[in-house]
Amino acid sequence: MEKISSSQLKRLQTLYNAYTRRDMDPRVGLRSQRLLWASQACKRPVASFSVLTRDEANDLIDTLQISLGQPIEPPRHRPTSQYAATSAGLEGRRGDNGPKTMVTQASLDRIRRGYERMGWDEYRFTAWLQSSSGPLKGRTEIRTEWDANRVWWALKPMLKRAGVWKERVTA
């Protein structure tokens with residue numbers, strides 16, 4: 001079990017503070033009340049937010065986001081090694097002749113969310129891929145991270161121009 005990350009701790013504290021500002025009872029903002037709330041949610045004694053696991057912190061963050069009416073972001077895909085991270089980021093660049101890795105579901109989901117923000121359905125997205133301006137030179141299959149990166153790098157500036165680009169909020 002991995003310990004809570006510093007970014008999760010900051011996010012959890014920020015959300016809890018926002019949550020307490022909405023409540024009329026001043027006791028809700030007390031440290032003892034905060035730890036009681038976390039203990040009840042985790043079904044174990046919690047002496048400090050810093051003793052939470054990553055999974056527990058994610059659950060508490062999701063709970064607070066729901067209660068505050070904020071959308072819950074899906075977890076980000078994190079490559080398992082430095083080599084995987086470098087490959088995922090560099091595949092698809094001009095002159096890249098290195099080995100290709102199979103596309104991950106996380107990459108496909110990121111692309112799907114992107115074209116849905118553009119207001120496209122799958123048919124419209126496929127038509128764009130088949131067009132002469134498509135990033136895969138007319139191919140429609142996204143088989144490798146190389147393909148996924150090429151599609152994402154073409155889609156990202158279109159999202160920004162359309163005004164629907166969203167910066168990722170880290171948990």
Between the main-chain N or O of [Y] and the side-chain N or O of [X], is there a donor-acceptor pair closer than 3.5 Å?
{"X": "E145", "Y": "T104", "result": "yes"}
{"X": "S107", "Y": "V103", "result": "no"}
{"X": "Q8", "Y": "S5", "result": "yes"}
{"X": "T144", "Y": "M102", "result": "no"}
{"X": "Q130", "Y": "A127", "result": "no"}

Between Y16 and W37, ring centroids under 6.0 Å: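 Centroid distance Y16-W37: below 6.0 Å, so yes.
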Charged N-O contact under 4.0 Å between E122 and R112: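 No, no charged N to carboxylate O under 4.0 Å.
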For Y19 against L68, the heavy-atom pair lying closest together: CA-CD2, 3.9 Å
Test: R150 cationic atom under 6.0 Å from W146 six-membered ring centre, within 45° of axis: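 Yes.
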Distance (rounded to the nearest 0.5 Å) between I66 CD1 and L15 CG: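 If we round to the nearest 0.5 Å, I66:CD1 and L15:CG are 11.5 Å apart.
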Inter-residue atom distance L9.CG - L52.CG, 0.5 Å rounding: 8.5 Å
Under the side-chain hydrogen bond (donor to acceptor under 3.5 Å, both in side chains) test, residues paired with S48 that sit two or more places apart: S50
Flag for N17-Q13: side-chain donor and acceptor within less than 3.5 Å: no
Residues that R124 engages under salt bridge (charged side-chain N to carboxylate O under 4.0 Å, His left out), provided they are two or more places apart: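 Expected list: none.
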